[in-house]
Amino acid sequence: MNKIKLYNDDCINSMQQIDGNTVDLIITDPPYNLGLFMQNRQTNLKKMRNNFFGAAGWDDLEYDEWLLHMDDFLRESSRVLRKKGTLIVFMSLIKVESLIRIAEKNNFYYKTTGIWHKLNPMPRNMNLHFVNSTEGWVYFINKAKTGTFNNDGKVLHDFFESSLTPVNEKRFGKHPTQKPEKLMEYFIKTLSKKNDVILDPFMGSGTTGVVSKRLSRNYIGIEINQEYFSSAKKRIDNVEVQDVRYECG
């Protein structure tokens, strides 16, 4: 029987309740600390979509404060992950060097930086500069150099192409940085096995939980925002599989 445990709380508080050396894969999409940066550049994103992350209030830390938050997160991630456990963190490319530096301080081995290429990005300011169609992800192993990698003898590249999240995956609520299920499935199939424990400390819309449940993984999701937590829980509940036990923290 697979287990799903959901916390509506701060990620550090909730991660401290998880036993050490019990998680196999962490895959997560934390705030990129771009809110103030985008606002200072007088971006027109807010005018183009009402749920622009830069105006949401959860992505506007000062840089030094963000570094401290990431240090706390990565320290707890190393503690809860098993040795040879995997960490995938989505991150703005301009913050990758900072992320790697903090991760290595907290016992993580840096494997590579990859790209999610969006096939249908919003064509904002297309007549002024190149359209932004990529997001970065960074791949680490905890306290080792190799971990689970299910490539079935195939060459897997460090980029993944897909469309943006389709409308049918947003029917339980919209999140400004929601990732498509197809993208999460790529990582979960490659970097974990059935009955492994998957943790997402910044659960958001719940995409990682949906895919983990569908692929017979145990899942722990943490989300501080009540609205996002409720919609993510409904979305995960809607996935029909047998023999799943729920807990809420």
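- For Y139, there are no ring-ring contact (aromatic ring centres under 6.0 Å, His included) partners, not counting sequence neighbours.
- Residues that satisfy the ring-ring contact (aromatic ring centres under 6.0 Å, His included) test with F187, not counting sequence neighbours, are F90, W137.
- One finds no salt bridge joining K118 and E161 here, because no Lys/Arg side-chain nitrogen approaches an Asp/Glu carboxylate oxygen to under 4.0 Å.
- Shown here for V96 and T113, the closest heavy-atom pair between the two residues is CG1-OG1, 3.6 Å.
- Shown here are the salt bridge (charged side-chain N to carboxylate O under 4.0 Å, His left out) partners of K111, two or more places apart in sequence or in another chain: there are none.
- Remark: F172 pairs with K234, R235, N238 by the side-chain contact (heavy atoms from CB on, under 4.5 Å) rule, at least two apart or across chains.
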Q) What do the steps show when you test L215 against K189 for side chain to side chain contact (heavy atoms under 4.5 Å, CB included), and what is the final call? A) CA-CA 8 Å; L215 295 179; K189 281 184 173 180; 3.8 Å; yes
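- Residues meeting the side-chain contact (heavy atoms from CB on, under 4.5 Å) test with L68, sequence neighbours left out: none.
- Panel note: side chain N151, backbone K154; a donor-acceptor pair is recorded below 3.5 Å.
- Screening residues 3-15 for side chain to side chain donor-acceptor pair (under 3.5 Å), with sequence neighbours left out, gives K5-E247.
- The main-chain N or O of S192 is found under 3.5 Å from a side-chain atom of N150 such that the two form a donor-acceptor pair.
- Considering only residues two or more places apart in sequence or on other chains, F159 meets the ring-ring contact (aromatic ring centres under 6.0 Å, His included) condition with H157.
- Legend: residues meeting side-chain contact (heavy atoms from CB on, under 4.5 Å) with N168, ordered by chain and number and at least two apart, are P166, R171.
- Ion pairing between a basic and an acidic side chain is recognised when a charged N comes within 4.0 Å of a carboxylate O; E185 and K182 show no such pairing.
- Contact detail for F202 and C11: the closest heavy-atom pair is CZ-SG, 3.7 Å.
- Between I236 and G206, the shortest heavy-atom contact is CG1-O, 3.9 Å.
- Note: the hydrophobic cluster containing L93 also contains V89 (ILVMFWY, side chain heavy atoms under 4.5 Å, direct or indirect links).
- With sequence neighbours excluded, the residues forming a side chain to side chain donor-acceptor pair (under 3.5 Å) with D200 are T28, T208, listed by chain and number.
- Linking ILVMFWY side-chain heavy atoms closer than 4.5 Å, directly or via other members, places I188 and V241 in a single hydrophobic cluster.
- Within the hydrophobic cluster formed by Ile, Leu, Val, Met, Phe, Trp and Tyr side chains joined at under 4.5 Å, directly or through other members, I224 stands alone, with no partner residue.
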Atom pairs and distances, side-chain donor-acceptor, residues 98-105, under 3.5 Å, sequence neighbours left out:
from	atom 1	to	atom 2	distance (Å)
S98	OG	Y63	OH	2.6
K105	NZ	D71	OD1	3.4
K105	NZ	D71	OD2	3.2

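- Nearest heavy-atom pair across P201 and F73 is CG-CE1, 3.6 Å.
- With sequence neighbours excluded, the residues satisfying side-chain contact (heavy atoms from CB on, under 4.5 Å) with K84 are A144.
- Using a 4.0 Å cut-off between a side-chain N of Lys or Arg and a carboxylate O of Asp or Glu, K179 and E135 qualify as a salt bridge.
- Between M203 and A232, the shortest heavy-atom distance links the atoms CE-CB, 3.9 Å.
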